[in-house]
There are 2 protein chains.
Amino acid sequence: MSKSGRPREFKDTTVIDAAMEVFWSQGYEACSTDDLCKETGLGRGSLYNAFGSKHELYEQALIRYHQVGIEAQLDILHNDAPVKERLRELLEWEIWKNSAAKDRGCLIINASAERGKSDPAVEKIFKQHLALLEQAIEDAIREGQSAGEISRERETSELAAMFLSCYYGLRVIYPGTMNRALARRIIDGTLAAML
Amino acid sequence: MSKSGRPREFKDTTVIDAAMEVFWSQGYEACSTDDLCKETGLGRGSLYNAFGSKHELYEQALIRYHQVGIEAQLDILHNDAPVKERLRELLEWEIWKNSAAKDRGCLIINASAERGKSDPAVEKIFKQHLALLEQAIEDAIREGQSAGEISRERETSELAAMFLSCYYGLRVIYPGTMNRALARRIIDGTLAAML
DNA sequence: ATAATTTTGTACTGTTTGTTACAAAATCGA
DNA sequence: TCGATTTTGTAACAAACAGTACAAAATTAT
């Protein structure tokens, strides 16, 4: 393993996190490589040497956002609280808790809306994120049905799909309006719909 | 009223429709004024003389999309079919019927995701569109409750909020994945949730 | 006809874009 | 200490950007 050469003056993950913030706040097209240099603290030389291009850095930022986010959401869904409380916590997570997210929405959803049709990397991450979430929600709901917390008369996969869609809708509607009362109604209405 | 001068060689609405297509397919930042000239058929002179700036044309396109879209959706909700069928039709509208929309999603949602935090015009239209839709959905659900089609035990506004969120979620998830089976589950699950 | 007015097409403006070139700086193995 | 190797900062790049200037063209009113 080669070891020579001048050592890097930064940690990759900190730079990716900083870049993530920029893409999250401005979107892909609206942010310039200058913005990225300023916010990451790197010069153009370092940035291009380490990441290759604006788009590759974008991909890394999306992947990191996906990984961190999925872990947090699965943690909530794998709680030991009653299933319905876990589901409520999930709905409330990005809205009240995660102050980084609440007014800018979900980076992956934003990315899909801005570039989903033309950027295969975005499409892939969006699908992956969604599929993992759907599976975990379905598992939780099945558990809730077994425990008698959630209606047994409706199909698990249908309940999961409905909940997932409400969740994604909320993550578009709340950042778009910042209407807390509406968000409250959505959350309560969604949970009530599980019986 | 003044009437002199060389007459315009285009109809405003046709140009706005063409511009709408461009913004819809590419997003605001990703499309150039050159793209707009090409797709509308106007030269730069005409375009800037008639619309002032890229952003003003964008606003007009959003407003037009909003008006046309709201009308179509309210038409569905004011049907004479049973309420549940109207709601199903609404959910299915952009997904199966409206071939212009199905793979690129809703322009207003996309605009909100791309520019909602930094563009007051986008924010305003998003809120307006959503509020009109929410009201119409709530009215329809109340009607359904009176007719005994929809559960009377749940609050109308909560049911409406839940439905609205499912609807918006679907309009993000389907274009992002093009997964028909999942869309089917979301639609069926959402309608089943109204009892 | 001609003056007034508006639209149209084209050439042009100064910036900003993403990316590259490259020399100086900092490390390692010899 | 001396190459070898990698990172860093700066300068530069052509292309693309949104917007403007302006003269030619097309109309109406007189």
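In the text below, chain A, chain B and the rest are named by the order of the sequence lines, each starting its count at 1. Quick note: numbers below take in every heavy atom, side chains included, and nothing from hydrogens, waters or symmetry partners. Since this is a predicted model, take the numbers as computed values, not measurements.
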Protein-nucleotide distance (B:K54, atom NZ; D:dT20, atom P), rounded to Å: 15 Å

Candidate nucleotides D:dT5, D:dT27, C:dA26, ranked by approach to the side chain of A:P7 - the nearest: C:dA26

A:Y65 and A:W24 aromatic ring geometry - parallel, tilted or perpendicular at 30°/60° bounds: perpendicular

Interatomic distance where NE2 belongs to A:H55 and C1' belongs to C:dT17 [whole Å]: 16 Å

Close side-chain approach of B:I141 and B:M194, heavy atoms under 4.5 Å: yes

Between B:E85 and B:N79: side-chain donor-acceptor atoms closer than 3.5 Å: no

Whether B:Y28 and B:Y58 hold their rings parallel, tilted or perpendicular, with breakpoints at 30° and 60°: tilted

Stepwise side chain to side chain contact (heavy atoms under 4.5 Å, CB included) test for A:Q60 and A:D12: CA-CA 10 Å; A:Q60 299 241 48; A:D12 278 32; 5.7 Å; no

Stretch residues 42-49 of chain B: residues that reach within less than 4.0 Å of DNA chain D through a heavy atom: B:R44, B:Y48

Atom-pair distance (CG on A:L36; P on C:dT16), nearest Å: 17 Å

B:H78 and B:D139: side chain donor to acceptor below 3.5 Å: no

Atom pair distance, as rounded to whole Å: OH in A:Y58 and C1' in C:dT19: 20 Å

Close residues, residues 9-34 of chain B, relative to DNA chain C [heavy-atom separation under 4.0 Å]: B:E9, B:F10

All pairs passing salt bridge (charged side-chain N to carboxylate O under 4.0 Å, His left out) where residues 57-78 of chain B contributes a residue, at least two apart: B:D17-B:R64

Short N-O contact, A:K38 and A:D35, less than 4.0 angstrom: no

Short side-chain N/O contact from A:R6 to OP1 or OP2 of C:dA25, under 4.0 Å: no

